[in-house]
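Only one structure is covered here, and it is reproduced in the block below.
A, B, ... follow the sequence lines: proteins, then strands. Residue 1 opens every chain.
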Number of protein chains: 2
Amino acid sequence: MAETPPADPKSRGRRSRPLRVADAIKDWVVEHGLQPGDRLPGEAELIEQFGMSKGTIREAMRLLQAQGLVETKTGPGGGSFVGEVTRERASALLANYFYFRDVSINDIYQVRIALEPELAASLAGKLTDAQLAELEAIMEHYAEPARSAEEERQQHVASLRFHARLSDFGNNALLGFFIGFMAQILTDLTVYKQLYTAPNHDLWQRGRLHQIDLIAALRTGDAAKAHAVMRSHMEMAQSLMDIQEAEVMKRFIAE
Amino acid sequence: MAETPPADPKSRGRRSRPLRVADAIKDWVVEHGLQPGDRLPGEAELIEQFGMSKGTIREAMRLLQAQGLVETKTGPGGGSFVGEVTRERASALLANYFYFRDVSINDIYQVRIALEPELAASLAGKLTDAQLAELEAIMEHYAEPARSAEEERQQHVASLRFHARLSDFGNNALLGFFIGFMAQILTDLTVYKQLYTAPNHDLWQRGRLHQIDLIAALRTGDAAKAHAVMRSHMEMAQSLMDIQEAEVMKRFIAE
DNA sequence: GAAGCCGATTTATCATGAGAAATACAAGGG
DNA sequence: CCCTTGTATTTCTCATGATAAATCGGCTTC
């Protein structure tokens, strides 16, 4: 139980020492099937095991920390722990990839139009009453039409939270992440870039009806209906957004 | 031009110093619009600018390095440079997120079925002759039925490369990444987990016809046909794969 | 004159030790 | 009983020096 990572990465390779130490620790976590929250050996132990200096070990831990694989705490009972890679963190890391690549709002909606109806259909008849209630609670945030740009923005953010929660309820983690990632990007764009500033009563009404219909279809288990409603909803949302051209993902560099 | 990052992150905050230094460097890159390959200040300069010790600065650089945002080289003209976040690296970082979450082959195919036809349709009539030729060249790798499990595996990998290249040709970087990510995961599963070991002449023939039809539809610009063919192809591939249940993404911890 | 070698220089990398900050837990005072 | 205070533990930060890696430029050689 008091086992510690193997000391072999001392062997000369082209990779730097911190990289090799990080590799060794990752392998060690995998082999021992450690779970998020489990404690890793402390700095002192690692120094002893690997026979390397404190700085090298610390740099290795920073590498792992940046990937969200470990978290460190000071104090008694502190140390390094296997980290929980949250969706937020994974999204932030992924956003780096898009920093130097142009992604327009329309690009995001091309993917949303393909994925969101798929999710809705697969969730029809599978949600608990509590989950449906939570979704309806979120909808309360836009039960009334917005009377200002600021209110409109808040409603839009709430609407995106609706989609993000829906993606959490599915049992397909991959699909859930992709949808959640896009919802987060759009949320950030809405908040920081002040998107969506033109309240429109007619579109608000149609959007709200969509979600009411969607909830109903989800409740009754009508997959085809859920798919169709979500598709209409996405297409409407896209037509609202595509005024904004080539709004890119700049400024989304990870934490 | 010889400007260097601001020295303000010395201010006391809750975030650790390396984190604040990393933040400052990222902001500096963004503000100055630096491109991949551009040189960042050397260690010595950063030490001076931030008024922090070498170790702290190095830990900050390791944080950025782990995210693929900087690369370092030794020697004259060496130093730290703005890094290129490749699809491989972004995929590896994202794979960490799925390490503790079960993702089955069927989950991957649920997303592929939604996305790949969308990509094919949007690419119809938009590919150059050179791109079409490259795709046909990849298809040569499975022009003949496989006669062994090993050959079958190689053909499957080639087929995945076909999809990955197709995703590169689109002008939607988001859609391209998602598809490329899944192709990479499936490739790794095929190579390391020895998936797809049962050659089947009938299915091989149908799969090949799909891709021939797809190339034709892409060439003539028949978006609806491209969409339909790709959908059939994905559904067939899924039926081949779903023997493997709940094959998870373990062992895909980032570099 | 061109190609290949080789050392000088620049840069990151590794090591060590001392001390500061942060935190949990327990003991003492109101 | 609650609040404060002390103390042990652990990471975090700093300072400095020595080492290794990689490249540039001049030199030799053909």
Side-chain angles (χ1 to χ4, degrees), chain A residues 2 4-5 7-25 37-83 255, chain B residues 2 4-5 7-25 37-83 255:
Chain A
T4 40
D8 48 298
K10 215 175 188 173
S11 62
R12 298 298 193 250
R14 239 185 325 292
R15 294 168 70 77
S16 70
R17 280 174 171 176
L19 281 173
R20 277 180 283 134
V21 170
D23 285 345
I25 292 175
D38 287 352
R39 192 171 185 284
L40 294 171
E43 255 179 20
E45 283 173 82
L46 292 171
I47 290 166
E48 170 128 12
Q49 284 296 318
F50 288 106
M52 292 173 188
S53 76
K54 185 162 38 182
T56 304
I57 300 294
R58 297 198 100 255
E59 286 177 31
M61 296 314 267
R62 290 296 189 195
L63 283 167
L64 297 170
Q65 189 191 6
Q67 299 171 43
L69 293 174
V70 310
E71 292 164 4
T72 60
K73 282 202 289 247
T74 64
S80 301
F81 302 86
V82 178
E255 170 189 352
Chain B
T4 41
D8 49 296
K10 213 175 189 173
S11 63
R12 298 299 195 249
R14 240 185 322 292
R15 294 166 73 75
S16 72
R17 279 177 155 141
L19 281 174
R20 277 180 283 135
V21 171
D23 285 344
I25 292 175
D38 287 351
R39 192 172 184 282
L40 294 170
E43 250 179 23
E45 284 173 79
L46 292 171
I47 291 167
E48 169 130 9
Q49 283 296 317
F50 289 105
M52 293 174 187
S53 75
K54 190 157 39 180
T56 304
I57 299 295
R58 297 197 100 256
E59 286 179 31
M61 296 314 269
R62 290 297 188 194
L63 282 167
L64 296 171
Q65 190 190 7
Q67 299 172 43
L69 294 174
V70 310
E71 291 164 3
T72 60
K73 283 202 287 255
T74 64
S80 301
F81 301 85
V82 178
E255 169 190 352

Looking only at dT13(D), dC14(C), dA12(C), the nucleotide nearest the Arg17(B) side chain is dT13(D)
Considering only heavy side-chain atoms of Pro76(B), the closest of dC12(D), dA22(D), dC14(C) is dA22(D)
Rounded to the nearest angstrom, tell me the gap between atom [atom1] in [X] and atom [atom2] in [N].
X        : N       : atom1 : atom2 : value
Ile47(A) : dG17(C) : CD1   : P     : 11 Å
Ile57(A) : dC14(C) : CD1   : C1'   : 11 Å
Arg39(B) : dT23(D) : CZ    : C1'   : 13 Å
Glu71(A) : dC12(D) : CD    : C1'   : 17 Å
Lys54(B) : dC12(D) : NZ    : P     : 21 Å
Glu45(B) : dT11(C) : CD    : C1'   : 11 Å
Met52(B) : dA20(C) : CE    : P     : 18 Å
Arg20(B) : dC12(D) : CZ    : P     : 13 Å

[X] vs [N]: side-chain N/O to OP1/OP2 distance below 4.0 Å:
X        : N       : answer
Thr56(B) : dC14(D) : yes
Thr74(B) : dT10(C) : no
Thr72(A) : dC12(D) : yes
Arg58(A) : dT11(D) : no

At what distance, to the nearest 0.5 angstrom, does [atom1] of [X] lie from [atom2] of [Y]?
X        : Y        : atom1 : atom2 : result
Leu63(A) : Met61(A) : CG    : CE    : 10.5 Å
Leu46(B) : Thr56(B) : CG    : OG1   : 12.0 Å
Ile57(A) : Glu59(A) : CD1   : CD    : 10.0 Å

The residue, Ala44(B) or Gly55(B), whose nearest nucleotide of DNA chain C is more 5′ is Ala44(B)
Comparing Lys73(A) with Arg62(B), nearest DNA chain C nucleotide closer to 5' gives the residue Arg62(B)
N-O pairing of Lys54(B) and Glu43(B) below 4.0 Å: no
Closest heavy-atom pair, Leu19(A) versus Gln65(B), reported as atoms and distance to 0.1 Å, is CD1-NE2, 4.4 Å
